[in-house]
> 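What follows is a single structure, and I will ask about it in a moment.
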Amino acid sequence: MIFVISLILLAMVSPCVQSQNGPGDFLAPHNAARQEAGVAPLVWSNEQEQDATNYANQMRGGNCPLKHSGRPGECLFWGSGGAWTAADAVNDWISEKPNCPECGHYLQVIASDITQVGCVRMICDSGDTWIQCDYS
């Protein structure tokens with residue numbers, strides 16, 4: 001009986017977590033920043049999402065070291081615990097604007113020569129959150 005109740009509760013909670021981390025949840029803050037910067041919106045790329053997923057899966061073990069893959073066009077986010085969302089990561093990158101509007105993650109988000117993005121959010125073996133977006 002407890003097992004059944006647990007499954008029902010999990011089913012009720014899972015869509016909420018998932019609904020905060022889908023393609024639209026990544027695109028909305030990206031495109032709001034891009035609109036403010038006067039550049040065209042990004043579109044979702046399944047290919048970039050798969051590239052991000054492949055690399056993120058390599059980092060899953062332990063505490064997910066925040067280490068770039070070495071490929072151009074990549075933003076990484078790590079957060080303690082599992083509650084971090086797509087918007088948290090993208091807004092963190094955008095928050096770099098006042099400090100350095102022409103460098104770092106913010107520039108990647110608003111670069112006019114970038115047209116596509118694909119992202120992944122995963123929970124590390126440690127229980128922490130890894131979020132990655134790849135751009136093209």
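Just so it is clear, the structure is predicted and the values come from calculations on it, not from any experiment. Positions are given from 1, in the same order as the sequence printed here.
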> Dump the intermediate steps for side-chain contact (heavy atoms from CB on, under 4.5 Å) on Leu27 and Trp44, then the final yes or no.
CA-CA 7 Å; Leu27 284 170; Trp44 189 258; 4.0 Å; yes

> For the residue pair Asn21 and Ala86, what are the closest heavy atoms and their distance?
OD1-N, 2.8 Å

> Are the side chain of Asp92 and the backbone of Asp88 linked by a donor-acceptor contact shorter than 3.5 Å?
no

> When you take the SG atom of each Cys, Cys133 and Cys75, is the space between them under 2.5 Å?
no

> Side-chain heavy atoms under 4.5 angstrom apart, residues restricted to Ile, Leu, Val, Met, Phe, Trp, Tyr: same cluster for Trp130 and Trp93?
no

> Which pair of non-hydrogen atoms, one from Gly118 and one from Ala52, has the smallest distance, and what is that distance?
O-CB, 4.1 Å

> Drop me the distance from Lys97's NZ to Tyr106's OH, to the nearest 0.5 angstrom.
4.0 Å

> State yes or no: do Ile110 and Ile114 share one hydrophobic cluster built from I, L, V, M, F, W and Y residues joined by side-chain heavy-atom distances below 4.5 Å, directly or via other members?
yes

> Please determine whether side-chain contact (heavy atoms from CB on, under 4.5 Å) holds for the pair Trp84 and Phe77, giving the CA-CA distance in whole Å, both sets of side-chain angles, and the decisive distance to 0.1 Å.
CA-CA 10 Å; Trp84 299 95; Phe77 173 91; 3.6 Å; yes

> Please confirm whether the backbone N or O of Gly81 pairs with a side-chain atom of Thr129, one donor and one acceptor, at under 3.5 Å?
yes

> If every non-hydrogen atom of Cys64 is compared with every non-hydrogen atom of Trp78, which pair is closest and at what distance?
O-CD1, 3.6 Å

> For Asn31 and Leu42, run side-chain contact (heavy atoms from CB on, under 4.5 Å): C-alpha distance rounded to whole Å, both residues' side-chain angles, the deciding distance at 0.1 Å, then the answer.
CA-CA 6 Å; Asn31 287 335; Leu42 295 173; 3.6 Å; yes

> Which pair of heavy atoms, one from Ala40 and one from Arg34, lies closest together, and at what distance?
O-NE, 2.6 Å

> Atom CZ in Arg60, atom CE in Met122: separation rounded to 0.5 Å?
5.0 Å

> Is there a donor-acceptor contact under 3.5 Å linking the side chains of Asn54 and Gln50?
yes

> Can you name the one residue among Gln108, Glu74, His30 that meets side-chain hydrogen bond (donor to acceptor under 3.5 Å, both in side chains) with Tyr135?
His30

> Determine the minimum heavy-atom distance between Val120 and Ala56, stating which atoms define it.
CG1-CB, 3.8 Å

> So which atom in Thr85 and which in Gln20 form the shortest heavy-atom distance, rounded to 0.1 Å?
CG2-OE1, 2.9 Å

> Under the side-chain contact (heavy atoms from CB on, under 4.5 Å) criterion, do Asp134 and Glu49 qualify, and how do the steps go?
CA-CA 7 Å; Asp134 284 7; Glu49 178 186 19; over 6 Å; no

> Does a side chain donor of either Tyr55 or His68 reach within less than 3.5 Å of an acceptor in the other side chain?
no

> Do Leu76 and Phe26 belong together in a cluster built from hydrophobic side chains that touch within less than 4.5 Å?
no

> In Å and rounded to the nearest 0.5 Å, what is the CD to OG1 distance from Gln132 to Thr53?
8.0 Å

